Amino acid sequence: MLWIYYLLVLLSSLASCFPTTKGKEGLAELLSENQVLSDNDIIRNIVNELKSLSSGNLSVCDQCTTRLAIGKSLSILKPDLVSPVFTQWCIDTAYWSNSTCISTFSRNTVDSSYTGTNFGHMLSLMDPFGYDGQLYCHFKESGQCPKPLTPNVTLSDKWPPKQPKHNVAPEPSWNDTFNVLHISDFHVELDYTVGSEVNCTNSMCCTPHSKNKFARKTESITEGSLNSFYNSSYIDDTFVKGSYIDVFKNTSVWTPATTFGSYNCDAPEILINSSMNSIVEYMEKNSLNYDFAIFTGDLLDHDEIKYTSYDLTVESEELVFRDMKAKLKNMPVYPVLGNHDMFPYGELAQENHGFSNLFTWNDELMADLWQQYGWIDFKASKYARKHYSGYSVETKRGLKIISLNSNTWYWKNHYAYWNASQPDTFGQFEFLINELVESEEKDQRVWIVAHIPFATDSLPLPANLFVEIVERFSPYTIAGIFFGHTHLDQFEVLYSGSGKDSKTIENVLNHAWISQAITPWIQNNPSWRYYTVDKKTFSIMDAYNFYTKLNETYTNEGSEPIWEFEYSSREGYNIDWPKTSPLNGTYWHLVAEKVRNSPKYRQIYRNYAMRFSPFVPNCFNSTDCENDYCVLTSFTVDEYQDCIEK
Ligand SMILES: *[C@@H]1O[C@H](CO)[C@@H](O)[C@H](O)[C@H]1NC(C)=O
Ligand SMILES: *[C@@H]1O[C@H](CO)[C@@H](O)[C@H](O)[C@H]1NC(C)=O
Ligand SMILES: *[C@@H]1O[C@H](CO)[C@@H](O)[C@H](O)[C@H]1NC(C)=O
Ligand SMILES: *[C@@H]1O[C@H](CO)[C@@H](O)[C@H](O)[C@H]1NC(C)=O
Ligand SMILES: *[C@@H]1O[C@H](CO)[C@@H](O)[C@H](O)[C@H]1NC(C)=O
Ligand SMILES: *[C@@H]1O[C@H](CO)[C@@H](O)[C@H](O)[C@H]1NC(C)=O
Ligand SMILES: *[C@@H]1O[C@H](CO)[C@@H](O)[C@H](O)[C@H]1NC(C)=O
Ligand SMILES: *[C@@H]1O[C@H](CO)[C@@H](O)[C@H](O)[C@H]1NC(C)=O
Ligand SMILES: *[C@@H]1O[C@H](CO)[C@@H](O)[C@H](O)[C@H]1NC(C)=O
Ligand SMILES: *[C@@H]1O[C@H](CO)[C@@H](O)[C@H](O)[C@H]1NC(C)=O
Ligand SMILES: *[C@@H]1O[C@H](CO)[C@@H](O)[C@H](O)[C@H]1NC(C)=O
Ligand SMILES: *[C@@H]1O[C@H](CO)[C@@H](O)[C@H](O)[C@H]1NC(C)=O
């Protein structure tokens, strides 16, 4: 039988790697008896084998990589058993909580299989004792292995040499601008329920399954102060206040959820509608026009994995885009998908490795929807269909927008852990480079739009490669980089060189805009922004930020949220900056320097980051704002770590 042949090959190749002979012989014994053993026996025996790793002299890191090696042989010989084996090992050893064990190794997926399937796919291709295993055990198993050194690989053979003219940014015309809307991180909570628990001790709050595990004492009843419990909605853009819901009947709820949302919860649809209405109203009142909108991802809620499903994913994606289209009408929206916009959560397989059929439903769905809404054309839709929903479009003014799917570099994505020292297993950087080369040749400027900033939640190597690309095509071609994901109103300066001594004004290469979110989760006021953009260079001249004070909707007897202007990026930090210059990396470097040098500016930054929510920390008397300078001046995972370690 073929699997025995594989087994022998595998075992001989693994034998030298097993640090204990017990490990090697144990596995041989188990699997060679496989013919007579039932699946349950195999599961029991391999689980015991995995457990025995902790009783030897192996370091936790070696235990982790050896588990992967055993899992790898299993993934090839008996792929169906990967999920039950690892789930049981995880629960029996209390490696993680039961629910984490189950959601990691056993959750249902789109083809009625398991997340264990995604884990199993990864095992079957990864090199457990090389960089792959080290990386996995560091990131996915909470530091069981130290962070391995990031390989020094390059993509520089993929582009022509940089010419002198490419080192100069074109001068803007400054007084001739157009407007672009930037919206992000809606996170619609379809289960949002007025009157459910806001102060929950399990999972996400404000849903029917939210609970506080402690019995409420009568004196903590909040009755009287909160009064906005209405079954309201927008009908044809008009706010219709619904009937009052008597939430205080339920005496086990500590803090009942009000109509428009809570700082502890994702956005009810009505809050999303209110946000979009505020955008449209502001536009109409001020006779503004947005050429287009960029949406930097995350449509779904943060509910516990067990409450997510394929159906919910499709439903949320369709609903949010439908509402966007209904409100913004003919304004094109250029969306990207976020890490939540996938099922199973955060997973995405390479196009060229046979697993991508588990995920292409999403690309098909998005390509159809975005084209149907008139946001992207047939050519872009065709690209999105084939390339993880990423595409490029040219706007009517000649700007190119390149949209990327950042799950390809997301540390939670299992598929990012095989051949992880290779530069571009997903082929997405190749797409990006080809598009940039094409634009450079035409002297065309480009915006890059994605969900996850590389210094947050990326794997280290893709972050470094992205920087290599940005460095090559800055400042001539890349006019803007836009992310979401953090829910905070932030920016990130990119410097050439490495180490904190390189963070000087001369070394500024570029920067990224990170958008605030509509979802209040967690502890922020809902917010959006628009940019004024130079017509000639597509450089950003200013950003105008708007927000609503969510806590005012707790006690306003069910009235609509009031949306207000918050601040403009050019005025917000008292920087002496020429009116004719764009808010480029150098500008943001000057802001970052102020943040570094003064608690007053750390406070200003934090107020903006969280939109003056009641949870903004006090930067004068706490250490909460200590890392902000590093956040604002690190563009990669390695840089951020280096910065906070000082
Ligand atoms: C484990 O380490 C101890 C002390 O270093 C040593 O005495 C023992 O022989 C080792 N056991 C194995 C199985 O290698
Ligand atoms: C986890 O599950 C196991 C087996 O089902 C059970 O014995 C154990 O009590 C559970 N642990 C917790 C903390 O619920
Ligand atoms: C990559 O290069 C840097 C600088 O030369 C060096 O410090 C680092 O050790 C190298 N990393 C690897 C994995 O070789
Ligand atoms: C921009 O300024 C230039 C020079 O001051 C002027 O000629 C031009 O008309 C201005 N354009 C607009 C749109 O205000
Ligand atoms: C929230 O619940 C905790 C108990 O889990 C309680 O100590 C706290 O006072 C509650 N907060 C409010 C605002 O009710
Ligand atoms: C009261 O709230 C709890 C959650 O705190 C919920 O489990 C329960 O179903 C609610 N009861 C009613 C009658 O709605
Ligand atoms: C809220 O209103 C909708 C539509 O009017 C209705 O179907 C629903 O039952 C109402 N829900 C509650 C809790 O009153
Ligand atoms: C939100 O707006 C959409 C589009 O107008 C509408 O279909 C939907 O019913 C609204 N939902 C709520 C809760 O206001
Ligand atoms: C991993 O990369 C190596 C080197 O490029 C290549 O030979 C190998 O085929 C790759 N593995 C897979 C599964 O593609
Ligand atoms: C930003 O603009 C200023 C003024 O136009 C210019 O001196 C500087 O070089 C620019 N910085 C970058 C990173 O392009
Ligand atoms: C809402 O929070 C802000 C910021 O903490 C505070 O200034 C304001 O008074 C609060 N409003 C209400 C109605 O509680
Ligand atoms: C910091 O000051 C605020 C009031 O401005 C106060 O509420 C808070 O307790 C203080 N925190 C510390 C750690 O002193």
Side-chain angles (χ1 to χ4, degrees), residues 10 13 72 75-76 120-135 138 145-158 198 222 224-228 255 258-264 349-356 408 414-427 429-430 459-465 467-468 496-499 501-502 520 523-527 547-564 566-567 603-604 606-619 636-639 641-642 645:
L10 243 154
S13 71
K72 182 181 170 85
S75 74
I76 289 168
H121 291 161
M122 173 198 78
L123 288 175
S124 70
L125 290 168
M126 85 187 310
D127 173 8
F129 294 120
Y131 181 69
D132 294 347
Q134 301 278 323
L135 192 71
H138 178 74
C145 291
K147 181 166 163 281
L149 276 182
T150 308
N152 292 318
V153 295
T154 176
L155 290 165
S156 59
D157 58 335
K158 304 243 185 280
V198 165
T222 44
S225 55
L226 307 180
N227 60 24
S228 292
T255 309
T258 48
T259 303
F260 278 94
S262 151
Y263 293 109
N264 234 3
Q350 288 82 352
E351 285 291 342
N352 56 354
H353 266 280
F355 305 129
S356 64
T408 61
H414 280 105
Y415 298 89
Y417 288 90
W418 64 266
N419 260 4
S421 57
Q422 296 297 310
D424 191 19
T425 57
F426 287 89
F429 288 142
E430 193 175 351
L459 284 172
L461 179 59
N464 294 357
L465 293 169
V467 164
E468 193 190 17
S496 60
S498 59
D501 296 340
S502 70
Q523 304 191 333
N524 303 309
N525 277 321
S527 177
Y547 75 126
T548 185
K549 294 176 188 133
L550 190 65
N551 58 341
E552 314 239 308
T553 69
Y554 295 177
T555 53
N556 67 1
E557 305 198 325
S559 306
E560 275 187 273
I562 296 165
W563 289 81
E564 317 171 52
E566 186 197 1
Y567 80 105
Q603 191 68 58
I604 293 175
R606 271 306 183 111
N607 289 341
Y608 295 156
M610 302 174 72
R611 292 84 79 184
F612 295 93
S613 92
F615 300 94
V616 176
N618 181 322
C619 297
T636 67
V637 181
D638 291 345
E639 256 186 300
Q641 198 179 26
D642 189 46
E645 280 168 1

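Indexing begins at 1, ligand by ligand and atom by atom, following the structure's order. As the structure is a computational prediction, the values presented were derived from the model and not from experiment.
Close contacts between ligand 11 and Phe612 involve ligand atoms 4 (C) [criterion: under 4.0 Å to a heavy atom]. Near Asn551, the atoms of ligand 11 lying under 4.0 angstrom from a non-hydrogen atom of the residue are 1 (C), 2 (O), 3 (C), 8 (C), 10 (C), 11 (N), 12 (C), 14 (O). Each of the atoms 13 (C) of ligand 9 lies under 4.0 Å from some heavy atom of Leu125.
Asn227 CG to Thr553 OG1: the interatomic distance, rounded to the nearest 0.5 Å, is 10.0 Å. Summarising the geometry, atom CG belonging to Leu155 is positioned 6.5 Å from atom NZ belonging to Lys158; distances are rounded to the nearest 0.5 Å.
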N/O pairs closer than 3.5 Å, ligand 3 and protein:
from, atom 1, to, atom 2, distance (Å)
ligand 3, 2 (O), Asn152, OD1, 3.3
ligand 3, 2 (O), Asn152, ND2, 2.4
ligand 3, 11 (N), Asn152, ND2, 2.9

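Side-chain N/O atoms of Asn524 and Tyr547 include no donor and acceptor closer than 3.5 Å. Counting only N and O atoms by type, the side chains of Glu564 and Thr548 include no donor and acceptor under 3.5 Å apart. With no hydrogens or angles considered, no side-chain donor-acceptor pair links Asn464 and Glu468 at under 3.5 Å. Defined by atom type and a distance below 3.5 Å, a donor-acceptor pair is present between the side-chain atoms of Asn556 and Ser228.
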Could you give me the CA-CA distance, side-chain angles and deciding distance for His121 and Trp418, then say whether ring pair (Phe, Tyr, Trp, His ring centres under 6.0 Å) is met?
CA-CA 9 Å; His121 291 161; Trp418 64 266; over 10 Å; no
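Contacts between Tyr554 and ligand 11 below 4.0 angstrom, taking non-hydrogen atoms only, are absent altogether.
Using a 4.0 Å cut-off between a side-chain N of Lys or Arg and a carboxylate O of Asp or Glu, Asp638 and Lys147 qualify as a salt bridge.
Any N or O atom pair closer than 3.5 Å counts here, and Glu552 shares at least one such pair with ligand 11. Residue Ser613 has no N or O atom closer than 3.5 Å to an N or O atom of ligand 11. The shortest N or O to N or O distance between Trp418 and ligand 9 is not below 3.5 Å.
Partners of Glu552 under the side-chain contact (heavy atoms from CB on, under 4.5 Å) rule, at least two apart in sequence or in another chain, are Lys549.
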